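These notes concern the structure reproduced below.
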2 protein chains.
Amino acid sequence: MSLASFYANAPRHLVAVDCIIFGFEDGKLKLLIIQRKVDPLAGAFSLVGGFVQENESTDHAAIRVLRQTTGIRDIFMDQLRAYGDAGRDAGARVISLAYYALIRISEHDKLLAQQHGAHWLSLHQIPELIFDHNEMLRDALERLRDRAKFHPLGFELLPEKFSLPQLRNLYEEIYQRPLDKRNFRKKILAMDILEKLDEKDKSTSKKGAHLYRFDRKKYDALTQHGFVFEI
Amino acid sequence: MSLASFYANAPRHLVAVDCIIFGFEDGKLKLLIIQRKVDPLAGAFSLVGGFVQENESTDHAAIRVLRQTTGIRDIFMDQLRAYGDAGRDAGARVISLAYYALIRISEHDKLLAQQHGAHWLSLHQIPELIFDHNEMLRDALERLRDRAKFHPLGFELLPEKFSLPQLRNLYEEIYQRPLDKRNFRKKILAMDILEKLDEKDKSTSKKGAHLYRFDRKKYDALTQHGFVFEI
DNA sequence: CCAAAAGTGTTGCTCTTACACCCATGC
DNA sequence: GCATGGGTGTAAGAGCAACACTTTTGG
């Protein structure tokens, strides 16, 4: 078969990206949900999404769609997988690539996102979403849990400076189970990947909790010598 | 924006599936590689691939492509992820969904696959592949290792009846490191998910090794009570 | 001075790892 | 009878989980 016919005879498809955006605020793991603007199902709750353009990498499409629909930029983002059932989108046959992202809510413009019709909802507040978006969300949460166990993803969700109680609280949210505070401290500090600062966060107690910073250089150096992060 | 223009104005893309097929034979983990039939790069080594058709789910496309190009059917298959860089395919802009699959080489028709121009190559024999197929393969191997650690995937690669030395050999191949035979036996048998048969495999020793069968019913039952497989 | 959250060590137990010899049989 | 791979148990050490009291300070 000639080059022309091999490629030219193949069918073409709409390809979308949908973003599962995780944030952490007020001690809760949250998700960014928008209300859909177009029919069918205009007004229904949805993940942030959009179409992949000509000559645009799918990774770039995910970044662009997130920026255009919420104003959010410069965040951790990774592909989850493709969702390709023939009837998954009620409007047309669309193959969707799901991306999950982690953002520091405090460092982004909440107002801007809200102006775009986006809401931060905690895990237990998530409504029925359109199409297979609830399934995407379930899969993303599973991936987040899998990956956060062996990779320092958590720090993407916290402000640059954070306390150990805050960090523990984050992992308790991710895994939805209590973690022993002494064992947690021991484990984290033993890794020697945090820099202890001369500052305290007094927002949650009178005594105040020491602030730390994730030291990515140290982490990368350790990783090259076989070290594996584990929560 | 109206329904019509929202979907109709979006660009359409060629969407392919590419399959990373793992097998296990002669004590080696192997991969199914074909020689590409079309230009550009006709004759070069490649994964098995093809285009997603109209109204065809992507999962179905992967199964169909594998069957059509190699005659192989009814195997374990799971999506890896999408590869969507704009210039990844030299012939046209193609978004590719990679699927990895596990097959029992002994139960499939080797001849049929060979007639389709497919070769089983062991990990160390893999040549330069077209486009980003080497990257797909690396990612698939990583996924296989991740998943095989906590899920009973290995049995998909072995014949229905297998010996413990065979099983250990398989995991040694997957992880490319030696496993202590006493500890391995202990761990596997302690899970109580294998059925010991009254048969021996004498093909590799004079004494003969007992044959076992994976008991999926038992495994499923245990899993429902919180049991987690781990190698 | 008291309420509320931060910070701190020890112990038992489980799991993992390392390791060497006998067994069965075909030739 | 001997070479070859199959099969078996134990002990030491590492890692994990459970657990309660003291410290700090704003109000």
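Just so we're clear, the structure is a prediction, and the values are computed from it rather than from any experiment. Proteins get letters first, then strands, A, B, ... in listed order; numbering begins at 1 in each.
When distances are taken from the side chain of Ala209(B) to each of dG9(C), dG7(D), dT17(C), the shortest belongs to dG7(D). Distances were taken from every side-chain heavy atom of Pro165(A) (C-beta onward) to each of dT10(C), dA3(C), dA6(C); the shortest belongs to dA6(C). Residue Ser205(B) places its side chain closer to dG5(D) than to any other of dA6(C), dG5(D), dT17(C).
Taking the ring axis of Phe214(A) as reference, the NZ or CZ atom of Arg216(A) does not stay both within 45° of it and closer than 6.0 Å to the ring centre. In this structure, Arg182(B) forms no cation-pi arrangement with Phe184(B), as its terminal cationic atom is not both closer than 6.0 Å to the ring centre and no more than 45° off the ring axis.
At whole-Å resolution of the value, CG in Leu164(B) and P in dG6(D) are 10 Å apart. One atom, CD1 of Ile188(A), and another, C1' of dG7(C), lie 16 Å apart when rounded to the nearest Å. Note: OH (Tyr212(A)) to C1' (dA6(C)) measures 10 Å, nearest angstrom. The interatomic distance linking Ile231(A) (CD1) with dC16(D) (P) rounds to 12 Å, in whole Å. Atoms NZ (Lys181(B)) and P (dT17(C)) sit 18 Å apart, rounded to a whole Å. In this structure, the CG atom of Asp180(A) is 14 Å from the C1' atom of dT11(C), given to the nearest Å. One interatomic measurement links the two molecules: CG of Leu167(A) to P of dA6(C), which rounds to 13 Å at whole-angstrom precision. The nearest whole Å value for the distance from the CZ atom in Arg168(A) to the C1' atom in dT8(C) is 13 Å.
Residue Glu195(B) is tested with Arg213(B), Lys218(B), Lys217(B) for a salt bridge (charged side-chain N to carboxylate O under 4.0 Å, His left out); the sole match is Arg213(B).
For His210(A), a side-chain nitrogen or oxygen approaches OP1 or OP2 of dG7(C) to under 4.0 Å. OP1 or OP2 of dG26(D) lies within a sub-4.0 Å distance of a side-chain N or O belonging to Lys202(A). In this structure, Arg182(B) does not reach the dA18(C) phosphate: none of its side-chain N or O atoms is under 4.0 Å from OP1 or OP2.
Judged by distance alone, with hydrogens and angles left aside, Lys200(B) brings no side-chain donor or acceptor close enough to the base of dT25(C) to form a pair under 3.5 Å. Taking only distance into account, the side chain of Lys206(A) never meets the base of dT23(D) through a donor-acceptor pair shorter than 3.5 Å. For Lys207(B) and dG26(C), a side-chain-to-base donor-acceptor distance below 3.5 Å is absent, hydrogens and geometry of angles not being considered.
When each of Lys196(A) and Thr204(A) is assigned the nucleotide of DNA chain C bearing its nearest heavy atom, the one mapping closer to the 5' terminus is Thr204(A). Sequence order on DNA chain D of the closest nucleotides to Lys186(A) and Gly208(A) puts Lys186(A) first from the 5' end.
One finds a salt bridge joining Lys110(A) and Glu25(A) here, because a Lys/Arg side-chain nitrogen approaches an Asp/Glu carboxylate oxygen to under 4.0 Å.
Ring-plane geometry between Tyr171(B) and Tyr175(B) is classed as parallel, the angle between the planes falling under 30 degrees on a 0 to 90 degree scale with a further cut at 60.
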